[in-house]
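Let me begin by presenting the structure, written as structure tokens, before commenting on it.
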Amino acid sequence: FFRTEIPEGLHRLPGPKPLPLIGNVLEVGNKPYLSLTAMSKRYGDVFQIQIGMRPVVVLSGSETVRQALIKQGDEFAGRPDLYSFRFINDGKSLAFSTDQAGVWRARRKLAYSALRSFSSLGGTTPEYSCVLEEHICKEGEYLIKQLNTVMKADGSFDPFRHIVVSVANVICGMCFGRRYDHNDQELLSLVNLSDEFGQVVGSGNPADFIPVLQFLPSTTMKKFMDINARFNKFVQKIVSEHYTTYDKDNIRDITDSLIDHCEDRKLDENSNVQMSDEKIVGIVNDLFGAGFDTISTALSWSVMYLVAYPEIEERLYQELKENVGLDRTPLLCDRPNLPFLEAFILEIFRHSSFLPFTIPHCTSKDTSLNGYFIPKDTCVFINQWQINHDPELWKDPSSFNPDRFLSTDGTELNKLEGEKVMVFGLGKRRCIGEVIARNEVFLFLAIIVQKLHFKTLPGEPLDMTPEYGLTMKHKRCHLRATMRSRK
Ligand code: HEM
């Protein structure tokens, strides 16, 4: 890479000097979102570090990231071949694998249309506008009951432990047409122990870049492999059951619709994208995985912020009481009438930046950005945390202030300001679950705020320090909640 000729008129990438063999691993440290943000102040929006022997380009700054991911989208849409990615979905993941552009595009389109059609289907009764809303409302009400029961029995609860089951049930409903009990051990052990997943696939894990580390014993890596193996087995079992009971005239869920696509393709002589059935039906594995971890993390952080800022919790409750009332469950159509809740969610996305980097990207050909030469197959990190805390974009970025997203009289959401927040990526690889995610976070939170008031346990201060990973989590903790009365 260093010997590469730089084409005339372009510059060599700036960046810190690497040490032999380990590169800049020590400077990157265990909070890359902070260290790489600090480096961007010194070296600019486009700079290069080296992790082990491998060069990595780090992009910061809203304009630069937009230029790369939108205007030069095709050149930055690849995924690097990283060691940990080979274990996800048996190396056949839509989000993490190095599929050729044509295959990835076809799979992404299929995933997107399956998600869209199965979230917007009509609900079973007219009170729900769509099946997504029905699943969330029912799971939300069930969650409140569950927390109430646990409070009565134990006096406290671990918010993530319960939220993750409710969220997993919504995506299970769409993907597999079924839900699980809050005490189902198989689901619990799968969704509650997924921290190592995020820790291993977070941008900058040294084992992905320094091959010798792959041969050293590592408990985290062992757990990561174990989670992936159990996850694949879990989905595989449900998929096999679907194959056995598949009926072309009764497509029940996303798994059925993907099986149906395979069957149709066998009859279509003009089909030209070479893809195995496994790669098609395997899409459901990505949708299920991406669909529960991200949203549970967002909701669990939201509860932490409600506890940390009781005056904001009270304002949210008053807004709900005035605009929805306390006699019915909130619905998606309430979104325009709850601007403070919308602003609160945007501020959680921005302030926590719990997805600090997108999944790593990779250049598909030699290219240039801001006058710097970037060769083909270079791994690229996109620093979303930096954009969400950039003092050029945000006044007082470190303070938690939902009002920054409201009009000056506080009655309307400032949509333009909201679009500056970056948590779903941008361009060709942008998250395909964004609409579902925004709806789901909104509706679960509206239900939670309407029914519960949260507090810390006496003598146990709130610890909001994030633990680094693909999705950053807060430390697991116990909280108290009281039911709001209907007055
Ligand atoms: C990719 C964020 C929820 C499905 C991504 C990426 C981000 C992201 C940052 C990577 C973009 C990139 O590499 O440039 C989030 C957040 C969520 C969320 C913050 C919730 C608050 C969901 C849900 C689903 C989903 C609910 C599906 C049910 C996917 C898939 C990809 C993806 C399949 C891979 C796209 C590709 O590689 O082409 N998401 N996501 N996500 N997301 Fe989400």
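One-based numbering, in listed order, for ligands and for the atoms of each. Numbers for residues simply follow the sequence, beginning at 1.
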Fill in: Salt-bridge criterion met for E434 and R438 (N-O under 4.0 Å)
yes

Discussion item. My understanding is that only residues two or more places apart in sequence, or in another chain, count here; which of them pass side chain to side chain contact (heavy atoms under 4.5 Å, CB included) with K71?
Written reply: Q67

Discussion item. One thing to verify: whether D208 and R86 come together as a salt bridge, which I'm taking to mean a side-chain N less than 4.0 angstrom from a carboxylate O.
Written reply: no

Response to the item:
Quick look: R429 vs ligand 1, heavy-atom contacts under 4.0 Å, and the answer is both

Worksheet entry | ligand 1 N/O within reach of H361 N/O, cut-off under 3.5 Å | yes

Item to complete: May I ask you to identify the nearest protein heavy atom to atom 27 (C) of ligand 1, giving residue, atom name and distance to one decimal place in Å?
Response: L115 CD1, 3.8 Å

Discussion item. Assess whether a salt bridge exists between K138 and E134, defined as any Lys/Arg side-chain N lying under 4.0 Å from an Asp/Glu carboxylate O.
Written reply: yes

Worksheet item: Where does E440 meet ligand 1, judged by heavy-atom distances below 4.0 Å: at the side chain, the backbone, both, or neither?
Response: neither

Discussion item. Using the side-chain contact (heavy atoms from CB on, under 4.5 Å) definition, which of the options F405, F400, Y309, F349 pairs with F344?
Written reply: F400

Practice prompt. Going by heavy-atom distance to atom 10 (C) of ligand 1, choose the closest among I171, L69, I359.
Written response: I359

Fill in: Carboxylate-amine/guanidinium contact E417 R404, below 4.0 Å
no

Practice prompt. May I ask you to list the atoms of ligand 1 that are less than 4.0 angstrom from any heavy atom of W104?
Written response: 36 (C), 38 (O)

Worksheet item: Is ligand 1 less than 4.0 angstrom away from at least one heavy atom of F292?
Response: no

Fill in: Between Y142 and H182, ring centroids under 6.0 Å
yes

Item to complete: Go through the side-chain N and O atoms of T367 and K365 and say whether any donor and acceptor fall under 3.5 Å apart.
Response: no

Discussion item. Is it the case that ligand 1 has an N or O less than 3.5 angstrom from some N or O of Q384?
Written reply: no

Discussion item. If we only consider heavy atoms of D286, is any one of them less than 4.0 Å away from an atom in ligand 1?
Written reply: no

Worksheet item: Identify the closest protein heavy atom to atom 2 (C) of ligand 1: which residue and atom is it, and at what distance?
Response: V423 O, 3.3 Å

Worksheet item: Does R79 have a non-hydrogen atom less than 4.0 Å from ligand 1?
Response: yes

Worksheet entry | Where ligand 1 meets L355 - atom numbers and elements under 4.0 angstrom, heavy-atom basis | 2 (C), 9 (C), 15 (C), 16 (C), 19 (C)

Discussion item. Ignoring hydrogens, what is the shortest heavy-atom contact between L331 and E133? Give both atom names and the distance.
Written reply: CB-OE2, 3.5 Å

Worksheet item: Nearest to atom 38 (O) of ligand 1, what protein heavy atom do you find, and at what distance?
Response: R108 NH1, 2.8 Å

Worksheet item: Is it true that atom CD of E241 has more than 12 heavy atoms of other residues, nucleotides or ligands lying nearer than 6.0 Å?
Response: yes

Practice prompt. Quick one: pull up CD in E467 and CE in M472 and give me the separation to the nearest 0.5 Å.
Written response: 10.5 Å

Item to complete: Anything protein N/O/S under 2.8 Å from atom 43 (Fe) of ligand 1? Just list residue and atom, please.
Response: C431 SG

Discussion item. Just to check, does V441 reach to within less than 4.0 Å of ligand 1 when the distance is taken from its heavy atoms?
Written reply: no

Discussion item. Please determine whether a side-chain nitrogen of the Lys or Arg among D99 and R108 lies less than 4.0 Å from a carboxylate oxygen of the Asp or Glu.
Written reply: no

